[in-house]
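Here is the structure we will look at, set down as structure tokens.
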Protein chains: 2
Amino acid sequence: MAPLPATIDRRHRRRAETIEEILDIAAQIMAEQGVAGLSVGEIARRMGIRPPSVYVYFSSKHALYDALFARGARRLLEAMKSVNAALPAKPATLEEILLPAAQESVRWSIEHAAYSQLLFWRPVPGFTPSTEAYQPAVALTELVRDRLKELQDAGLLRADVAVDQAERDLTILISGVISQQLSNAPQEPFDEGRFSAATPALVSMFADYYSPRRPATETGDRGALR
Amino acid sequence: MAPLPATIDRRHRRRAETIEEILDIAAQIMAEQGVAGLSVGEIARRMGIRPPSVYVYFSSKHALYDALFARGARRLLEAMKSVNAALPAKPATLEEILLPAAQESVRWSIEHAAYSQLLFWRPVPGFTPSTEAYQPAVALTELVRDRLKELQDAGLLRADVAVDQAERDLTILISGVISQQLSNAPQEPFDEGRFSAATPALVSMFADYYSPRRPATETGDRGALR
DNA sequence: GTCTATATGACGATAGAC
DNA sequence: GTCTATCGTCATATAGAC
């Protein structure tokens with residue numbers, strides 16, 4: 001006899017809840033011990049089950065890391081979508097848009113150091129995120145690129161450079177801040193970080209470089225400096 | 001009876017050689033498997049000895065990582081000293097000095113990805129480099145800071161910003177390039193790297209920002225843009 | 001369908017024989 | 001200085017209880 005739809009629903013819900021619980025605890029362990037410090041045994045211990053039971057929900061430790069990667073990328077994407085939505089649609093300067101976005105991505109990454117290690121570094125031998133898990137990360141770079149394209153169309157970003165290059169350079173700046181902060185002073189909170197404090201200066205540097213050059217007749221041809 | 005000095009020398013030399021051999025093989029394994037993929041058993045296997053014998057030379061796996069950290073930092077410092085010595089003593093522009101130095105540090109880091117992971121990231125749970133192991137890394141930042149101070153004294157670096165800030169921002173740029181290259185496309189060689197290719201543009205951006213502002217009477221007051 | 005008990009082989013590390 | 005033997009822990013596979 002086939003089970004009633006209600007039963008299937010309940011089972012699916014229960015299963016989904018258990019998966020979420022495993023991921024919650026796994027993220028907590030990673031936050032305490034570092035990404036590579038995650039152990040299936042420790043997850044089971046904290047859940048009050050036996051280690052093999054974890055394999056009912058995740059076929060391997062790598063599958064677990066993959067789910068955690070997807071989760072982190074999804075959450076970072078959400079955080080960036082939120083800050084993006086709150087920004088003015090018709091900004092006056094490049095910096096006005098880029099600084100809040102940069103600050104938010106650095107803040108999120110510092111406050112979720114474990115996810116950041118997984119997203120920005122390669123701490124687990126043999127683990128590479130699957131295409132599906134990587135998808136939100138791709139969506140994030142697309143979000144940035146689309147935003148920069150809009151800014152270029154609005155005349156706030158130099159028309160003579162490729163949007164892809166601007167996106168790449170901006171990403172490098174931000175990941176540099178995060179990387180330095182997390183590896184040299186991981187315990188410093190975002191607001192007191194030696195390296196996260198560099199974000200405004202670096203965004204300013206980026207904005208100067210990628211803002212349209214004013215014509216020579218106006219305030220001097222800055223392009224002539226190079 | 002006390003051993004002859006010659007015997008002590010020979011023992012010391014033999015011991016030092018074994019230590020170097022262990023580090024060579026360990027670095028090789030890290031390069032193949034990633035930093036966290038290093039195992040004492042694998043070292044022993046490749047050396048034709050038993051795992052406990054490794055502990056005669058290194059009291060723990062962390063001590064081994066510490067020696068590898070020190071070695072990597074020392075080698076990167078040497079590479080930077082070399083390129084620094086080859087650069088002109090009286091440069092004409094900021095970029096002329098910074099670009100070759102930046103290129104070399106990115107190149108070294110990409111070509112020695114395993115050491116870089118250890119130096120720039122925190123891939124090993126519970127491992128923090130000792131003060132001694134960290135010393136060459138400190139010497140490296142001092143080398144950069146001293147060079148920037150010279151450039152400031154020579155009038156090539158803005159006098160109104162702290163050298164420490166310039167050093168921090170430059171370090172962030174470079175580590176951002178390395179971090180993005182190694183985490184997103186670790187197999188790409190330096191010359192073909194998507195992210196290492198950004199080095200010239202980023203150094204140019206840095207040089208623009210940190211070069212002394214020309215007075216308004218000359219080519220326009222760039223400072224007024226901010 | 002869900003979990004447990006049990007087993008395998010690798011790991012880091014230690015103790016003690018030679 | 002190197003070995004054997006051993007401990008506890010880990011990820012993981014399988015077989016079976018409920």
Side-chain angles (χ1 to χ4, degrees), chain A residues 1-23 25-26 28-30 32-69 118 123-128, chain B residues 3 7-23 25-26 29-30 32-69 118 123-128:
Chain A
M1 192 178 80
L4 295 169
T7 311
I8 296 173
D9 276 8
R10 199 162 49 239
R11 277 188 191 154
H12 272 150
R13 202 167 50 244
R14 176 107 177 76
R15 186 178 169 85
E17 278 169 15
T18 308
I19 287 176
E20 284 305 302
E21 191 187 346
I22 290 174
L23 291 177
I25 292 175
Q28 202 179 313
I29 296 170
M30 284 201 308
E32 293 167 16
Q33 319 270 339
V35 171
L38 179 61
S39 97
V40 175
E42 183 60 25
I43 294 170
R45 210 169 294 123
R46 296 193 188 191
M47 287 183 73
I49 58 172
R50 301 298 126 201
S53 300
V54 176
Y55 286 84
V56 172
Y57 304 95
F58 294 97
S59 61
S60 71
K61 202 183 177 185
H62 274 30
L64 192 51
Y65 276 124
D66 207 51
L68 288 164
F69 186 100
L118 200 55
V124 184
F127 169 68
T128 310
Chain B
T7 311
I8 296 175
D9 275 8
R10 199 161 48 238
R11 279 187 192 159
H12 272 150
R13 201 168 51 246
R14 176 104 176 78
R15 186 178 169 84
E17 278 168 14
T18 308
I19 286 175
E20 284 306 302
E21 192 187 347
I22 290 174
L23 291 177
I25 292 175
I29 297 170
M30 284 201 306
E32 293 168 16
Q33 319 271 343
V35 170
L38 179 62
S39 94
V40 176
E42 183 61 25
I43 295 170
R45 212 168 294 125
R46 297 193 186 190
M47 287 183 73
I49 59 172
R50 303 292 132 202
S53 301
V54 177
Y55 286 84
V56 173
Y57 304 96
F58 294 97
S59 60
S60 71
K61 203 184 173 183
H62 274 31
L64 192 52
Y65 276 125
D66 207 52
L68 288 164
F69 187 101
L118 201 54
V124 184
F127 169 66
T128 311

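Computed from a prediction, not measured in an experiment: that's the story for all the values here. Proteins get letters first, then strands, A, B, ... in listed order; numbering begins at 1 in each. Just so you know, these numbers use all the heavy atoms, side chains as well, and skip hydrogens, waters and symmetry mates.
An angle of 10°, rounded to 10°, separates the two end axes of the helix from C:dG1-D:dC18 to C:dC18-D:dG1, each defined over five pairs.
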Side chain to side chain contact (heavy atoms under 4.5 Å, CB included), that's the test. Do B:L38 and B:V124 meet it? Break it down for me. CA-CA 10 Å; B:L38 179 62; B:V124 184; over 6 Å; no
Intermediate values then yes/no, side chain to side chain contact (heavy atoms under 4.5 Å, CB included), B:R46 and B:I29: CA-CA 10 Å; B:R46 297 193 186 190; B:I29 297 170; 3.6 Å; yes
How far apart are the C-alpha atoms of B:V40 and B:F58, what are their side-chain angles, what is the distance that settles it, and do they pass the side chain to side chain contact (heavy atoms under 4.5 Å, CB included) test? CA-CA 10 Å; B:V40 176; B:F58 294 97; over 6 Å; no
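Following rounding to the nearest Å, A:Q33 (CD) and D:dT9 (C1') show an atom-to-atom distance of 14 Å. Rounded to an integer number of Å, the gap from A:Y57 OH to C:dG1 P is 12 Å. Distance, A:E21 CD to C:dC3 P: 10 Å, rounded to whole Å. Rounded to an integer number of Å, the gap from B:I43 CD1 to D:dT2 P is 14 Å. Atom CD1 in A:I19 sits about 14 Å away from atom P in C:dG1, given to the nearest Å. Rounding to whole angstrom units, CG of residue A:L64 and P of D:dC10 are separated by 15 Å. Going from atom OH of B:Y65 over to atom P of C:dC11 covers 12 Å, rounded to whole Å.
When the side-chain nitrogen and oxygen atoms of B:S53 are compared with OP1 and OP2 of D:dG1, none of them lie within a distance under 4.0 Å. Dashed line: the shortest gap from a side-chain N or O of B:R50 to OP1 or OP2 of C:dT14 is not under 4.0 Å.
Between B:A44 and B:R50, the shortest heavy-atom contact is CB-C, 3.6 Å.
Atom-to-atom distance recorded for B:Y57:OH and B:T18:OG1 is 4.0 Å, nearest 0.5 angstrom.
Taking 4.5 Å as the limit, every side-chain heavy atom of B:Q33 sits out of range of all side-chain heavy atoms of B:E42. The shortest distance between side-chain heavy atoms of A:E20 and A:E17 does not fall below 4.5 Å. The side-chain heavy atoms of A:I43 and A:I49, taken from C-beta on, include no pair separated by under 4.5 Å.
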N/O-N/O pairs, protein side and nucleotides 11-17 of chain D side, under 3.5 Å:
from	atom 1	to	atom 2	distance (Å)
D:dA11	OP1	A:V40	N	2.7
D:dA11	OP1	A:K61	NZ	3.4
D:dA11	OP2	A:V40	N	3.1
D:dA11	OP2	A:G41	N	3.0
D:dT12	OP2	A:Y55	OH	2.7
D:dT12	OP2	A:K61	N	2.9
D:dT12	O5'	A:Y55	OH	3.3

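Using a distance-only test at 3.5 Å, with no hydrogens or angles considered, a donor-acceptor pair links the side chain of B:Y65 to the main chain of B:V35.
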